[in-house]
2 protein chains.
Amino acid sequence: MQKTASQVPGLHRASLRKLHELDAALELMYYGWRGMTLSADQYLDTVGLSRPHHRILYVVARRPDISIGSLIEVLGISKQALNRPLALLLERKLVAAKRSPEQHRSKLLRLTAAGQKIEQTASSHERKVLRDAFDRVGAPGAAAWMAVMEAIADNN
Amino acid sequence: MQKTASQVPGLHRASLRKLHELDAALELMYYGWRGMTLSADQYLDTVGLSRPHHRILYVVARRPDISIGSLIEVLGISKQALNRPLALLLERKLVAAKRSPEQHRSKLLRLTAAGQKIEQTASSHERKVLRDAFDRVGAPGAAAWMAVMEAIADNN
DNA sequence: TCCTCATGTCAACATGGTTGACGTTAGGAT
DNA sequence: ATCCTAACGTCAACCATGTTGACATGAGGA
């Protein structure tokens with residue numbers, strides 16, 4: 001025994017001594033990311049996909065007819081890195097590619113019905129975690145959370 | 001040209017159509033994590049370390065005399081995965097290991113002065129991002145952020 | 001003495017990324 | 001018509017971070 005910690009180590013919020021006032025917040029960012037993506041990742045695993053596939057599905061769902069080049073730019077990865085996960089999505093017909101009639105150079109990507117379903121299911125797992133948390137603190141708390149996250153995200 | 005997006009793709013907050021009310025929040029979690037860790041990762045890179053090394057330094061700083069086994073448990077990785085980054089930290093004398101006099105089986109880990117310095121610098125980069133964000137929304141906003149993140153983290 | 005715990009270490013593998021190089025295809029300009 | 005170039009495809013080599021499995025070592029405890 002002597003497993004005082006969690007059964008799922010690494011997802012457990014370890015009790016570490018706080019050396020600075022903001023250490024708790026720092027750790028919350030880490031565990032928050034984990035907490036939001038955990039159930040979605042578990043679902044994705046059941047359909048043989050993972051986070052990079054979900055990232056592609058998420059973006060394509062919100063930018064129908066996006067080109068490969070734009071997708072690379074939005075995701076911030078190289079075309080070679082995009083190649084494998086996207087090829088799988090195309091092969092499994094979760095994403096469809098067509099060449100536009102006029103701009104025949106570019107490939108335009110769209111989700112198929114099956115792809116939409118998986119994207120919605122995976123993303124809704126993440127949204128549910130957020131919704132439950134927001135419900136607990138009310139609209140003002142949620143707005144404050146958004147404001148803080150925007151400040152952090154735009155840090156650069 | 002035609003680079004309407006960022007110079008550092010992937011760190012840029014892409015403008016995606018919002019299919020759901022919580023899409024913005026979902027994306028903020030992603031970009032928030034990036035925003036918090038970006039400058040720390042850049043600093044770590046200058047000293048030849050990366051995120052896993054920082055994770056080790058962070059935990060050991062807050063649990064002096066932690067054993068290898070406990071460290072593995074807190075980090076949630078296998079001993080083999082811990083081995084390489086920890087070996088580097090030991091070799092570079094950022095972490096010191098001693099066997100305890102009574103519990104001679106376990107190795108006890110501590111940061112050296114050099115290790116402490118690097119840990120503090122890296123972590124303070126992350127804390128600065130948080131502090132600036134909290135300053136912008138005030139104490140109540142910061143408290144609300146913490147409450148939401150706790151709810152998300154404890155989702156499981 | 002022997003079992004077991006804590007640790008170390010090797011090998012094989014998966015995943016998600018990188019750079020570099022090169023090929024194809026099709027518009028657009030001269 | 002020809003050539004340049006943009007958008008995409010693809011191969012190879014590599015790196016970092018993780019995984020399991022197997023096995024070795026060293027020291028306490030029964």
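In what follows, chains are A, B, ... by sequence order, proteins preceding strands, each numbered from 1. Quick caveat: nothing in here was measured; it's all calculated off a predicted structure.
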- Among D:dT19, D:dT17, D:dG21, the one nearest B:A81 by side-chain distance: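 Nearest listed nucleotide: D:dT19.
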
Exercise for review: Just compare D:dA22, D:dT17, C:dG17 and give me whichever is closest to any side-chain atom of B:P52.
Suggested key: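 Per side-chain heavy atoms of B:P52, the pick is D:dT17.
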
Tell me the interatomic distance from [X], atom [atom1], to [N], atom [atom2], rounded to whole angstroms.
{"X": "A:L108", "N": "D:dA6", "atom1": "CG", "atom2": "P", "answer": "19 Å"}
{"X": "B:K79", "N": "C:dC10", "atom1": "NZ", "atom2": "C1'", "answer": "11 Å"}
{"X": "B:L88", "N": "D:dT17", "atom1": "CG", "atom2": "C1'", "answer": "14 Å"}

Taking the side chain as everything from C-beta on, heavy atoms only, tell me whether [X] gets closer than 4.5 Å to [Y].
{"X": "B:L109", "Y": "B:L86", "answer": "yes"}
{"X": "A:H54", "Y": "A:T37", "answer": "no"}
{"X": "B:L57", "Y": "B:L49", "answer": "yes"}

inquiry  = Take a 6.0 Å sphere around NZ of B:K18 and say whether it holds more than 12 heavy atoms from other residues, nucleotides or ligands.
reply    =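 Result for NZ/B:K18: enclosed.
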
query = Would you say C:dT25 has OP1 or OP2 under 4.0 Å from some side-chain N or O of A:K107?
reply =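 Looking at the OP1 and OP2 atoms of C:dT25, neither is under 4.0 Å from any side-chain N or O of A:K107.
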
Can you confirm whether the side chains of B:S123 and B:E119 place a donor and an acceptor under 3.5 Å from each other?
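B:E119 and B:S123 do have a side-chain donor-acceptor pair below 3.5 Å.
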
Output the residues of residues 58-70 of chain A in contact with DNA chain D, where contact means a heavy atom of the residue under 4.0 Å from an atom of the strand; sort by number or write none.
->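 Heavy-atom contacts with DNA chain D come from A:S67, A:I68, A:G69.
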
